[in-house]
Amino acid sequence: MTYKGFILMRRFEFIFYVFFYEVVFGFSVYGFGYFSSMPFTLLWSIILGAPAVILLMNIKGKLLPLVDGLLRILYAIPFLVEYFIYMQFKELYDLNTIMNGAGGALTGFASTIRGLIFSPLGLWHLFLYSIPLSILVADLIRKKYDYNQPDKQVKVATAIAIPVCLLFNIIIIACIPSARTIVGAEYSYGKAVQAFGYMEGTALDVKALLFGSGGDFQNVKTPVNLSTSQPGEGSESVPSGSFLPGESGVVPTPTPVPQPQVMDIDFTALSQKGGKIASLAQYCANVEPTYTNAMTGKFKGKNLIMITAEAFTAEAIDPELTPTLYRLATKGIQFTDSYVPATAGTTGGEFSHIFGLLPTSGGKSFTNMIDNGCTYFTMGQRLNAEGYYGQAFHNNDYKYYSRNKTHTKLGYSAGFMGIYNGMEQWVNYHQWPESDYDMFQGTCPLFINQDHFNIYYMSVSGHSGYTRAGNAMSKKHWDETASLDGKNSEAVRAYKACNMDLDQGLKYLVDRLEECGKADDTVICIVADHFPYGLDPDASLGNMPKLSELYRYEVKNYIQRDHNRIIIWSGCLEKEDPIVVDTPTSSLDILPTLMNLFGIKYDSRLLPGRDVFSNSMPLAFNLNYDWKTDLGTYLSSKGEFTPKDANTQIPEGYVQQVKTIVSNKIKYCKNMVGSDFFRQAVGDPNR
């Protein structure tokens with residue numbers, strides 16, 4: 001066979017088609033930012049395409065085009081599945097999430113997914129990914145399909161190309177410091193796909209599943225202290241003021257003798273167990289704890305209603321359209337710079353503020369913690385231990401995201417209720433989305449007369465898609481948003497309209513609490529599961545026009561995208577001077593902050609978030625290794641730190657130190673979510 005014949009042989013078209021699949025995916029998700037990953041995707045097109053080529057070289061006769069066609073379909077499917085997941089959730093889902101979370105989402109929201117597939121952009125991608133198969137069919141019709149087989153030397157050369165390309169790929173990564181970091185200390189699936197392409201990112205995900213990722217914890221050297229409060233207290237702490245007085249200028253009276261927020265944990269004994277447990281124990285032993293403060297125990301003995309608000313964000317709050325949300329946000333503890341990292345969709349958002357960890361195992365994070373008996377540090381368990389009546393509710397299918405297996409083990413004494421195990425008596429489940437107002441109205445009588453209650457709600461009224469006709473809650477409240485006519489697009493108006501149902505449900509709850517004299521003794525905590533990703537079903541990061549319209553600024557990065565509004569309110573706060581938290585906070589801070597406010601004994605060294613009233617460094621971060629402190633913002637994709645303003649002085653070594661702290665916290669989450677460290681450290685979660 002001639003060299004020319006080798007080059008032109010039709011079997012090798014398959015490698016080009018694999019590269020074509022990757023290029024379509026890359027530009028669709030990342031736009032022109034995909035260019036930098038093309039060398040890696042070219043190598044991985046050979047690495048993953050060559051085995052199929054070798055298989056085709058060993059098949060003869062009429063079976064050859066059948067296998068060829070099947071392979072073209074099978075190779076295209078993962079790209080299409082991941083792309084349609086991205087269209088819906090605006091996040092790339094790793095294998096754990098697809099197997100343990102997205103599967104339910106894709107079936108549960110079948111009509112939404114069908115809408116995406118048969119949208120203009122969805123049909124365009126189906127067309128693009130069908131081109132290789134169409135070429136094969138056209139060749140067969142024109143009788144131009146090449147049935148010839150190469151000689152043995154060509155097969156050997158093709159096989160050799162696989163390890164050669166792997167080696168070349170390793171060499172390139174070794175020569176690029178930023179690439180080495182992504183593969184090693186700062187690995188995350190989304191970041192890997194963005195840097196190397198879908199194929200290599202998925203290969204690294206498989207490697208992480210089998211062998212773990214992230215390396216060892218790093219030492220933080222020469223702690224930087226910019227605090228105006230007490231000096232730095234250890235390698236994981238850069239103290240800074242965490243709350244400001246309100247308009248009156250009155251600062252809460254400090255606790256006379258601050259005490260460390262720790263428990264009696266024998267880290268030395270845990271370190272002797274080896275493996276992840278030893279690594280986690282050694283890390284925690286070196287983390288400086290936070291201390292009790294003026295806000296410690298402020299809510300001791302009060303009732304708690306925690307709400308994960310579906311697709312909620314700060315811009316859903318409006319003094320006219322959502323007056324109760326506005327009241328709770330401005331009359332309670334005022335969080336003015338808060339963030340909710342969007343990871344693993346709704347189940348990931350729930351996980352973060354219930355467990356105080358990032359869902360580093362994707363959709364499997366929740367079940368991992370439950371199966372390992374690591375529920376001690378949840379508000380359900382801790383208030384249950386104090387004799388509270390507890391119950392969790394959701395106004396959608398109670399089996400969705402396996403909540404019937406996870407939410408029943410969070411410590412709520414009366415268990416978990418959703419559609420098909422009780423909620424259907426109050427909530428009309430023949431519409432989509434279901435009504436939060438109906439859920440609050442129906443379930444309130446179950447707990448409001450209890451001496452002490454601890455309630456958890458997962459809402460759904462704010463769910464996409466955001467159209468007047470296609471969203472039952474948007475349609476229900478459409479006329480009430482008449483003031484937005486001509487000011488907002490239909491999608492943004494529909495988003496604001498459907499959140500009015502959450503607001504009216506909250507009004508019902510607050511009214512009942514006030515009527516029975518329990519408003520001052522009840523705390524309502526509201527946090528989103530993720531930003532409203534359904535506003536832009538066909539957009540990539542940096543190209544989210546509807547979200548930018550809602551936010552009133554162009555959304556260009558993950559920090560901007562994930563900005564939100566955390567709400568902690570109690571009737572008693574309305575009688576006091578305002579408490580403003582204007583430093584960066586995130587959903588990871590909810591758990592330690594509530595435990596401090598409720599006077600619950602916990603170990604602050606075991607939670608990567610912070611009590612926002614402590615002197616610990618304000619820090620919001622995500623699994624892309626982006627972060628924000630009170631001094632500025634770091635974007636990992638650009639490797640750039642931007643100070644808060646022109647007057648902010650950044651001391652030498654500050655950025656590297658915080659990068660290391662963030663890397664350690666993510667490493668901690670990765671090891672925690674896959675182990676039973678909490679149970680080994682503190683024992684039975686039910687005690």
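Here Tyr21 and Tyr129 bring their ring centres to under 6.0 angstrom of each other. The ring of Phe89 has its center closer than 6.0 angstrom to the ring center of Tyr93.
Residues Leu121 and Tyr83 meet the side-chain proximity criterion, which asks for heavy atoms closer than 4.5 Å. Inter-residue side-chain proximity for Phe621 and Asp626 is flagged as unmet; no heavy-atom pair is nearer than 4.5 Å. Met417 has its side chain out of reach of Tyr398: every pair of non-hydrogen atoms, C-beta onward, lies at least 4.5 Å apart. Residues Leu410 and Ile370 have side chains in contact (heavy-atom distance under 4.5 Å, counting atoms from C-beta outward). The shortest side-chain heavy-atom distance between Leu484 and Lys496 falls under the 4.5 Å cut-off. The side-chain heavy atoms of Asn624 and Ser188, taken from C-beta on, include a pair separated by under 4.5 Å. Proximity of Tyr558 to Ser637: side-chain heavy atoms (C-beta onward) are nowhere separated by under 4.5 Å. Counting heavy atoms from C-beta outward, Ser338 and Ser586 have side chains that stay 4.5 Å or more apart.
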message: Show, in sequence, the C-alpha distance, side-chain angles and deciding distance for Ile524 and Ile568, and conclude whether the side-chain contact (heavy atoms from CB on, under 4.5 Å) test is met.
response: CA-CA 6 Å; Ile524 295 178; Ile568 297 180; over 6 Å; no

- request: Given ring-ring contact (aromatic ring centres under 6.0 Å, His included), test Tyr634 with Tyr625 step by step and report yes or no.
  value: CA-CA 8 Å; Tyr634 177 79; Tyr625 295 84; 9.7 Å; no

task: Begin with the C-alpha distance, continue with both residues' side-chain angles, and end with the deciding distance and a verdict on salt bridge (Lys or Arg N to Asp or Glu O under 4.0 Å) for Glu549 and Lys487.
output: CA-CA 10 Å; Glu549 176 192 340; Lys487 298 179 182 179; over 6 Å; no

- request: Dump the intermediate steps for side-chain contact (heavy atoms from CB on, under 4.5 Å) on Gln441 and Trp426, then the final yes or no.
  value: CA-CA 8 Å; Gln441 184 183 47; Trp426 302 299; over 6 Å; no

Verdict with reasoning, Phe447 to Gln391, per side-chain contact (heavy atoms from CB on, under 4.5 Å): CA-CA 8 Å; Phe447 61 83; Gln391 192 161 9; over 6 Å; no

task: Dump the intermediate steps for ring-ring contact (aromatic ring centres under 6.0 Å, His included) on Tyr198 and Phe79, then the final yes or no.
output: CA-CA 8 Å; Tyr198 173 71; Phe79 290 95; 4.9 Å; yes

- request: Just do the ring-ring contact (aromatic ring centres under 6.0 Å, His included) check on Tyr508 and Phe440 with the steps written out, would you?
  value: CA-CA 7 Å; Tyr508 177 86; Phe440 293 149; 8.5 Å; no

message: Determine whether Asn499 and Asp503 satisfy the following criterion, side-chain contact (heavy atoms from CB on, under 4.5 Å), listing intermediate values before the conclusion.
response: CA-CA 6 Å; Asn499 274 282; Asp503 184 80; over 6 Å; no

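Residue Ser365 comes nearest to Ser361 through the heavy atom pair OG-N, 3.0 Å, listed as atom of the first residue, atom of the second, then distance. In this structure, Ala329 and Arg565 approach most closely via the heavy-atom pair O-NH2, 3.3 Å. Among all heavy-atom pairs drawn from Leu591 and Ile354, the shortest one is CD2-O, 3.7 Å. In this structure, Leu547 and Pro532 approach most closely via the heavy-atom pair CD1-CG, 3.8 Å. Nearest heavy-atom pair across Pro132 and Arg72 is O-NH1, 2.7 Å. Heavy atoms only, all atoms of each residue included: Thr347 and Gly363 are closest at CG2-CA, 4.2 Å.
Between the CG atom of Asp205 and the CG atom of Leu92 there is a distance of 10.5 Å, given to the nearest 0.5 Å. Taking CD1 of Ile85 as the start and CG of Leu80 as the end, the distance is 11.0 Å to the nearest 0.5 Å.
If you check the side chains of Arg493 and Thr481, you find a donor sitting under 3.5 Å from an acceptor. Side-chain polar atoms of Tyr34 and Thr41 form a donor-acceptor pair below 3.5 angstrom. Side-chain contact check for Ser489 and Lys546: no donor-acceptor pair (N or O, by modelled atom type) lies under 3.5 Å. Using a 3.5 Å distance cut-off with no hydrogens or angles, the side chains of Asp436 and Asn395 do pair a donor with an acceptor. Remark: the Ser461 side chain and the Tyr437 side chain contain no N/O donor-acceptor pair separated by less than 3.5 Å. Counting only N and O atoms by type, the side chains of Tyr339 and Ser587 include no donor and acceptor under 3.5 Å apart.
The closest donor-acceptor contact from the side chain of Thr406 to the backbone of Thr367 lies at 3.5 Å or more, if one exists at all. In this structure, the side chain of Gln194 does not engage the main chain of Gly190 through any donor-acceptor pair within 3.5 Å. At least one donor-acceptor pair closer than 3.5 Å links the side chain of Thr467 to the backbone N or O of Gly470. Counting only distance, with no hydrogens or angles, the side chain of Ser37 and the backbone of Phe196 share no donor-acceptor pair below 3.5 Å. Looking at Lys670, its side chain never comes within 3.5 Å of a backbone N or O of Thr360 through a donor-acceptor pair. The closest donor-acceptor contact from the side chain of Thr585 to the backbone of Val581 lies at 3.5 Å or more, if one exists at all. A donor-acceptor distance shorter than 3.5 angstrom exists from the side chain of Asn454 to the backbone of Met379, with no hydrogens or angles considered. Checked by atom type and distance alone, the side chain of Thr322 never pairs as donor or acceptor with a backbone atom of Met500 at under 3.5 Å. Judged purely by atom type and a 3.5 angstrom limit, His463 has no side-chain atom pairing as donor or acceptor with the backbone of Pro433. Asp485 places no side-chain N or O within donor-acceptor distance of the main-chain N or O of Ala482, the cut-off being under 3.5 Å.
For the ring-ring contact (aromatic ring centres under 6.0 Å, His included) test, no residue two or more places apart in sequence or in another chain qualifies with Phe335.
Between Tyr495 and Tyr466, the ring planes are perpendicular. Angles over 60° get that label, and only those under 30° would be called parallel. Between Tyr553 and Tyr551, the ring-plane angle classifies as tilted under the 30° and 60° cut-offs.
The stretch residues 17-37 participates, sequence neighbours left out, in no salt bridge (Lys or Arg N to Asp or Glu O under 4.0 Å) pair at all. Applying the salt bridge (Lys or Arg N to Asp or Glu O under 4.0 Å) rule to pairs touching residues 317-341 yields Arg327-Glu514, Arg327-Glu574, Asp337-Lys628, sequence neighbours excluded. Listed by first and then second residue, the salt bridge (Lys or Arg N to Asp or Glu O under 4.0 Å) pairs involving residues 392-404 are Glu350-Arg403 (not counting sequence neighbours). Listed by first and then second residue, the salt bridge (Lys or Arg N to Asp or Glu O under 4.0 Å) pairs involving residues 467-480 are Lys476-Asp501 (not counting sequence neighbours).
Screening Glu200, Glu186, Glu91 against Lys191 for a salt bridge (Lys or Arg N to Asp or Glu O under 4.0 Å) leaves a single residue, Glu186.
A salt bridge links Lys507 with Asp511: the distance from a Lys NZ or Arg NE/NH1/NH2 to an Asp or Glu carboxylate oxygen falls below 4.0 Å.
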Show me the donor-acceptor pairs within less than 3.5 Å that the side chains of residues 304-312 make with the rest of the protein, sequence neighbours left out.
residue	atom	partner	partner atom	Å
Thr308	OG1	His353	NE2	2.8
Thr308	OG1	Tyr456	OH	2.7
Glu310	OE1	Thr346	OG1	3.3
Glu310	OE2	His530	NE2	3.3

